[in-house]
Amino acid sequence: MMNLFADMHRKVHETLREMQAAGELPADLDLKNVAVEPPRDPAHGDMATNAAMVLARPAGRRPREIAERLAERLAADGRIASAEVAGPGFLNLRLAPDAWRALVPAVLAAGPDYGRSGMGAGRKVNVEFVSANPTGPLHVGHTRGAVFGDALANLLDFAGWQVTREYYINDGGAQVDVLARSAYLRYLEANGREVAFPEGTYPGDYLVAVGEALKERYGDRFVDAPEEEWLDLFRRFATERMMEMIRADLAALGVRMDVYFSERSLYEGGRIEETLEKLREMGLVYEGVLEPPKGRKPEDWEPRVQTLFRSTAFGDDVDRPLKKSDGSWTYFAPDIAYHYDKILRGYDALIDVLGADHGGYVRRMKAAVAALSEGRVDFDIKLVQLVRLFKGGQPFKMSKRAGTFITLRDVIDEVGPDVTRFVMLTRKNDAPLDFDFEKVLEQSKDNPVFYVQYAHARISSVLRKAEAAGIDVSDAALGAADLSVLDDPAQLELLRRIGAWPRTVELAATHHEPHRIAFYLYDLASAFHALWNRGNDDPTLRFIDADDVPGSRARIALARATGVVISSGLGILGVKPVTEMR
RNA sequence: GGCCUCGUAGCUCAGCCGGAUAGAGCAACCGCCUCCUAAGCGGUAGGUCGCAGGUUCGAAUCCUGCCGAGGCCGCCA
């Protein structure tokens, strides 16, 4: 797989080892911090290495001296056009145009696999996301988490991990009893009773159908029955229905989970006790009394003995309760058992995608996972900040379906899944996101979705027109094109961006940051639009020139390669590329 | 009181495991369509990277303290 940055990184390291073998550098140097990166200022070349500065002190040499020796050796490589020492000891490398051009046939041959990385080495990672309570439709906040988690899963897959997408169904707590009671009210309503929805029940319309379905199944059997008779039945039924709705919501967004894991199943199998017992043996679970929170003392605080998790041993500021006063578990206890289950399933890495309001929860969960996996499992928690909705610059709150909050469906109905997904990935996960229903549909440069799609559409248009003009645009024909005509700065710039794709994938995957893919695509599209417009000043730079078929083929090959990368990047974001704008 | 996330151009935001003169879009100003989609492109102007220390050859980036915004801190998950 062609990865120019990785190739040059390898080349620099090999050359340094040659210098060690030749006695020009001490044999025991640690090369770990020697990097090959694109310089911030393109005037400094295509790639730069800090080798001389990093090694100067341990080698006991002057940086520029090391850099000069290294430059001499590197200059012998045909791919490297120049190697210049600059500044405090940087070595700036400029690649020969042919090295960049070689990307085109490589990309065409690899197709959608260009940029795929072996970094994950087939290790198993579990990405848990959405995990909304099964008590109603998904709302905007869930939508962002869903898009983020799914794109992250795609990204890790592309980077060579074996990925499981998982949804944790919170069907064990008090909230599903509330759901059952709310469904019961709708059931009474379906049976012709007048009902009121007291505080603490769910009044949303989405339960009307559930009430009717319950009537269909049970008639009026439970209308005057006491709660014990119907609660369990109704809870099961309503939860099932809510999960169907949630699955459908996710499907509408293009998200497919591999595993739906039920919290309740943990209660039934005695798994919670088992997990806590293990922690107790480690001395991390004990019976104790908690200090009241400082500065914000609850009115009814009474010290009492309860089951606690010693998260302070992992840097948390206080130990965390596992049981409520009525003896039932807090949400934290089943969560520990759930994560233990994931550990036992053999994952090398776990990722939780949570709303930002769960921030206080991160440390204790990491503590539990570190303890239960004995530090073997890499565990990352990504907090997703909230989404602020606007319409034409005005805050927007109305929902057609749920009344009180905007649902995922509201968003998709309004702008479609592709726009929703792309826009939600144009911000870092931990930054709040403004989502304007009008702006995201705008066909202009300040709308990144449009801008990237437009580039792809232009490329598709070039291919269509070329074909109509009788030029063979099969990948085989394009891959064999003589690319030496590609020597305009705009063409070389586009090649450089294409060359940066594998590196972008690896960085994004390492940091668990799919937004980097969206920003990369914007830059790539920008380089393409710039080249496109160069054709206005200089007609020889237009992609198609009927009088110059070989040259056209070279330029079209470059466009095609760009299209492959855009399409592949959009694939990670879960967005379908368009072939024409409407 | 403590913990978490954040603070970068007038606005919205990038900034790779520390790297050389801090970037993009919008808004402002000046240009580019007899030409594959101008739904686009080029240029000018605009920043004490919240503040103060520290580590380092080198800090927007790492560490400490402070200021500011949001979130969380036993029986909601």
Side-chain angles (χ1 to χ4, degrees), chain A residues 32-33 35 37-41 43-44 48 50 53-54 56-57 63 86-90 92 131-133 135 168 170 172-175 263 290 292-298 300-302 304 306 308 315-332 334-335 354-363 383 385-386 426-432 434 442-448 450-451 454-455 457-458 461-462 464-466 469 490 503-504 506-508 510-511 513 515-516 519 522-523 526 529-537 539 542-545 559 580-581:
Chain A
K32 191 164 63 67
N33 292 323
E37 299 173 330
R40 192 149 61 178
D41 185 346
H44 291 136
N50 59 356
M53 286 179 295
V54 172
R57 183 184 292 252
F90 285 103
N92 292 330
S131 297
N133 286 345
T135 54
Y168 179 58
N170 290 111
Q175 73 281 355
E263 177 189 357
L290 226 43
K294 293 185 185 70
R296 195 207 56 109
K297 194 175 290 187
D300 58 347
W301 182 276
E302 278 176 29
R304 69 156 180 281
Q306 58 186 343
L308 298 170
D316 207 350
D317 49 323
V318 65
D319 289 337
R320 303 293 174 172
L322 296 164
K323 268 187 184 175
K324 302 179 194 172
S325 57
D326 64 0
S328 66
W329 300 115
T330 62
Y331 66 92
F332 184 41
D335 266 11
L354 302 175
D357 53 342
H358 290 64
Y361 171 77
V362 170
R363 205 183 283 271
L383 298 178
Q385 272 289 352
L386 47 96
T426 55
R427 270 314 82 106
K428 218 167 16 183
N429 59 289
D430 51 18
D434 288 351
E442 222 167 72
Q443 303 210 328
S444 73
K445 193 180 163 182
D446 57 324
N447 179 3
F450 165 77
Y451 191 75
Y454 186 35
R458 278 181 154 174
S461 161
V462 166
R464 281 193 301 269
K465 299 221 162 154
R503 176 184 155 79
T504 302
E506 295 194 342
L507 283 169
T510 306
H511 293 271
E513 290 183 341
H515 77 274
R516 292 180 190 234
F519 281 94
Y522 188 88
D523 287 343
S526 177
H529 288 309
L531 172 58
W532 178 283
N533 268 70
R534 289 280 289 121
N536 288 336
D537 306 331
R542 289 179 203 163
F543 291 96
I544 301 168
D545 177 354
E580 56 187 331
M581 303 307 292

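Each chain gets a letter, A, B and so on, in the order the sequences are listed, and its residues count up from 1. The structure presented is a predicted model; accordingly, all values stated were derived computationally and were not measured.
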| query | What's the verdict on side-chain contact (heavy atoms from CB on, under 4.5 Å) for A:Leu383 and A:Asp430, showing C-alpha distance, side-chain angles and the deciding distance? | reply | CA-CA 6 Å; A:Leu383 298 178; A:Asp430 51 18; 5.6 Å; no
| said: Measuring only the C1' atom in each nucleotide, how far is B:rC13 from B:rA20? A whole number of Å is fine. | reply: 25 Å
| field | A:Leu322: side-chain contact (heavy atoms from CB on, under 4.5 Å) partners, not counting sequence neighbours | value | A:Leu276, A:Val285, A:Thr307, A:Phe309, A:Phe332, A:Ala333, A:Ile336
| request: Identify whether any heavy atom of A:His515 sits under 4.0 Å from a base atom; if not, whether one sits that close to sugar-phosphate; answer base, sugar-phosphate or nothing. | output: sugar-phosphate
| C1' atom, B:rG74 versus B:rG58: distance in rounded Å? | 49 Å
| How does each nucleotide of nucleotides 2-8 of chain B score, in 5' to 3' order, for protein heavy atoms under 4.0 Å: base (B), sugar-phosphate only (S), or none (-)? | SSSSS--
| remark: Of the candidates B:rA24, B:rA77, B:rU37, the side chain of A:Ser461 sits closest to B:rU37
| field | Between B:rA9 and B:rG50 - P atom distance, rounded Å | value | 8 Å
| said: Between B:rU12 and B:rG53, how many Å separate the two C1' atoms, rounded to a whole number? | reply: 32 Å
| request: Name all residues meeting the ring-ring contact (aromatic ring centres under 6.0 Å, His included) criterion together with A:His529; count only those two or more places apart in sequence or in a different chain, and write none if there are none. | output: A:Tyr451, A:Tyr454
| task | Tell me what A:Arg458 touches on the nucleic acid: a base, only sugar-phosphate, or nothing, going by heavy atoms under 4.0 Å. | result | sugar-phosphate
| note | The side-chain contact (heavy atoms from CB on, under 4.5 Å) partners of A:Asp326 (sequence neighbours excluded) come to A:Lys324, A:Ser328
| said: What's the gap between B:rC30 and B:rC67 when it is taken at their C1' atoms, as a whole Å value? | reply: 42 Å
Filtered N/O pairs between nucleotides 19-21 of chain B and protein, under 3.5 Å:
| residue | atom | partner | partner atom | Å |
| --- | --- | --- | --- | --- |
| B:rA20 | OP1 | A:Arg40 | NH2 | 2.6 |
| B:rA20 | OP2 | A:Arg40 | NE | 2.7 |
| B:rA20 | OP2 | A:Arg40 | NH2 | 2.6 |
| B:rA20 | N6 | A:Asn92 | OD1 | 2.6 |
| B:rA20 | N1 | A:Asn92 | OD1 | 3.0 |
| B:rA20 | N1 | A:Asn92 | ND2 | 3.0 |

| remark: Syn within 90° of 0, anti beyond: B:rC33 is syn
| query | Base, sugar-phosphate, or nothing: which does A:Thr330 touch, judged by heavy atoms less than 4.0 Å apart? | reply | nothing
| note | Intra- and inter-strand pairing of RNA chain B, written as dot-bracket with Watson-Crick and G-U pairs under 3.5 Å and | for the latter, reads (((((((..((((.....[...)))).(((((.......))))).....(((((..]....))))))))))))....
